[in-house]
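As structure tokens, the structure follows; a few thoughts come after it.
Throughout, protein chains are lettered first and strands after them, A, B, ... in sequence-line order, and every chain is numbered starting at 1.
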Protein chains: 2
Amino acid sequence: MSNTYHHGDLRRALLVAAEAELAEKGTERFTLRACAKRAGVSHAAPAHHFGDVEGLLSALAADGFRRFAEMASERLQACADASPPKRLNVLGVGYVDFARANPALFKLMFASDIPDFDDKELRSAAEASFSQLAAAVGDATGTDPLASHDGQLRVATMWSMVHGLSHLILARRMRFLNERDETELQADIAAIISAVALVR
Amino acid sequence: MSNTYHHGDLRRALLVAAEAELAEKGTERFTLRACAKRAGVSHAAPAHHFGDVEGLLSALAADGFRRFAEMASERLQACADASPPKRLNVLGVGYVDFARANPALFKLMFASDIPDFDDKELRSAAEASFSQLAAAVGDATGTDPLASHDGQLRVATMWSMVHGLSHLILARRMRFLNERDETELQADIAAIISAVALVR
DNA sequence: GATCTGATTTTTACACTGGAAAGATTGCGC
DNA sequence: GCGCAATCTTTCCAGTGTAAAAATCAGATC
């Protein structure tokens, strides 16, 4: 299976390599050739599986959204008996945790122009993640969150908070947050999120 | 002054061209050569003023922070008699307005790895903007916001909210927000920001 | 087992990129 | 006028993404 001409599972290997490259270089310095080299193939090999670099990173972003949704499901299941507001809080903390655990992937998913969100797979994966968040907001408020204007605003409020916090932590622009140790930081994240009244 | 060999104010012209290029291509597809071409000079001309592309975009980001701080000052001055919480709200809306009015510049300032934040000019311009926000939070709460842990958390909370909202609007990931007309959107932005209790 | 077929990967080629180095042009003090 | 430093262009090079052609392989069919 190894060192044959045909790789066997190059598609997956390229996604792994792309994520590693992204972690080292960021979306603005990502190069397809370095990615292919890391996977041990010629620089033209990715084209057959992904078309171009946009296709490759769109597939990686879709993968990210699937992993994100999976993580969210696990966390929600782990606190299935808690109150809806508490569960929304858990989901919010999960959002920030995912961003901190996968900074490069998170930026690709939420702050890059490269992935093509008209791509069917990426689009549906992203919408599934969004629906999960909206549903948790709905549970916390006891109403369909997307049916009313106020419900939509509640979703937007919660999402803005966790999204902004994630970005600011990753960008390391708030010095006092970056100086906290892991335990303190987790407490701070939970405290900041709970400034949104829904989650209590 | 025009069509001479020496440009006269190439530095400024390049910053203008860079901002326009950024608006069209984004940080991930920005090229120095296209930027130079737009300014009507050879592709090597920017090097003398900015060193490399990182230097050029660092200077542009610094410019962005100065403009941001100026906008914030104007808005705060326009409501000098209002209550401190109200003024903090105005500043938050200004933050989002700036992002919407200058999407490319905003992303460069807050979501790009290219600008060098060890650069002295950029660093001081960014910190001046940050101080403005922190000061407004301090006024709203009547305490030095950076002196206590709770004060720092209040700054982080406010900043996360406006920052996340800005990013989500620019990324166009919340469909129901993108479908609002301008007047409705402004009302929604103010409503979302006021979910942070400080601003009321 | 030989051969054909399509999928996968490499090789080659090309236009474009950023930056280094060297040369050309200019403004300015003298 | 002359020199000189600053500014800009030209030229060059290694590296980039993608298209096209060639090479390799797996598996079906005979």
Side-chain angles (χ1 to χ4, degrees), chain A residues 1-61 104 108 112-116 118-119, chain B residues 1-61 104 108 112-116 118-119:
Chain A
M1 186 76 76
S2 62
N3 84 343
T4 62
Y5 193 99
H6 282 199
H7 182 283
D9 198 2
L10 182 55
R11 188 188 153 88
R12 185 153 306 273
L14 282 171
L15 288 173
V16 170
E19 189 172 353
E21 277 295 313
L22 219 51
E24 286 182 9
K25 314 278 184 62
T27 60
E28 293 159 327
R29 302 185 212 269
F30 177 89
T31 73
L32 190 61
R33 286 171 110 105
C35 175
K37 192 172 190 176
R38 182 186 284 262
V41 293
S42 82
H43 73 271
H48 187 263
H49 296 274
F50 299 103
D52 53 13
V53 59
E54 182 178 312
L56 168 58
L57 293 183
S58 294
L60 181 57
L108 179 70
S112 172
D113 286 334
I114 298 179
D116 174 17
D118 291 336
D119 177 271
Chain B
M1 184 74 76
S2 62
N3 83 344
T4 62
Y5 193 98
H6 282 198
H7 181 283
D9 198 3
L10 181 56
R11 189 188 152 89
R12 184 153 308 272
L14 282 171
L15 288 174
V16 170
E19 190 172 352
E21 278 294 314
L22 219 50
E24 287 182 8
K25 314 277 185 62
T27 60
E28 293 159 328
R29 304 185 211 268
F30 177 89
T31 72
L32 191 59
R33 286 172 109 104
C35 175
K37 191 172 190 176
R38 183 185 284 263
V41 294
S42 80
H43 77 271
H48 188 262
H49 295 276
F50 300 103
D52 53 12
V53 59
E54 181 177 313
L56 169 58
L57 293 183
S58 293
L60 182 56
L108 178 71
S112 172
D113 287 334
I114 299 179
D116 174 18
D118 291 336
D119 177 270

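- Atom CG of A:D113 sits about 10.0 Å away from atom CD of A:E54, to the nearest 0.5 Å.
- Proximity of A:F30 to A:L56: side-chain heavy atoms (C-beta onward) are separated by under 4.5 Å at one or more points.
- We find that A:R29 and B:E28 are not joined by a salt bridge, their nearest charged nitrogen and carboxylate oxygen being 4.0 Å or further apart.
- If you take CG of A:D9 and C1' of D:dA26, they are 16 Å apart, rounded to a whole angstrom.
- For the pair A:L57 CG and D:dG17 C1', the interatomic distance rounds to 13 Å; values are reported in whole Å.
- The separation between A:E21 atom CD and D:dG17 atom P is 10 Å, rounded to whole Å.
- Rounded to whole Å, the distance from CZ on B:F50 to P on C:dG18 is 15 Å.
- The residue A:H49 sits close only to the backbone: its heavy atoms come under 4.0 Å of sugar-phosphate atoms, none of a base.
- Atom-to-atom distance recorded for A:L60:CG and A:T27:OG1 is 11.5 Å, nearest 0.5 angstrom.
- The side-chain heavy atoms of A:L108 and A:P115, taken from C-beta on, include a pair separated by under 4.5 Å.
- Residue B:A44 has its side chain nearest to C:dA21 when only C:dA21, D:dC8, D:dT18 are considered.
- Two residues, A:R11 and B:D52, neighbour DNA chain C, and the one matched to the more 5' nucleotide by heavy-atom proximity is A:R11.
- For A:V53, the side-chain atoms get nearest to D:dT18 when compared with the rest of D:dT18, D:dC8, C:dG19.
- Rounded to a whole Å, the NE2 atom of A:H48 is 18 Å from the P atom of D:dA23.
- Near-neighbour residues of DNA chain D inside residues 22-34 of chain A, defined by a heavy atom below 4.0 Å, number-ordered: A:T31, A:L32, A:R33.
- Counting only heavy atoms from C-beta outward, the side chains of B:H43 and B:L32 never approach each other to under 4.5 Å.
- Atoms CZ (A:R12) and P (C:dT8) sit 15 Å apart, rounded to a whole Å.
- Side-chain atoms of A:E24 and A:E19, non-hydrogen and from C-beta on, never get closer than 4.5 Å to each other.
- In this structure, B:L14 places its CG atom 12 Å from C1' of D:dT7, rounding to the nearest Å.
- Between the side chain of A:H43 and the base of C:dT10 there is no donor-acceptor pair of N/O atoms closer than 3.5 Å.
- Between the NZ atom of B:K37 and the C1' atom of D:dC8 there is a distance of 18 Å, rounded to whole Å.
- Distances were taken from every side-chain heavy atom of B:A45 (C-beta onward) to each of C:dT10, D:dT9, D:dC12; the shortest belongs to D:dT9.
- Nearest-nucleotide positions on DNA chain C place A:S42 closer to the 5' end than the other of A:S42 and B:E54.
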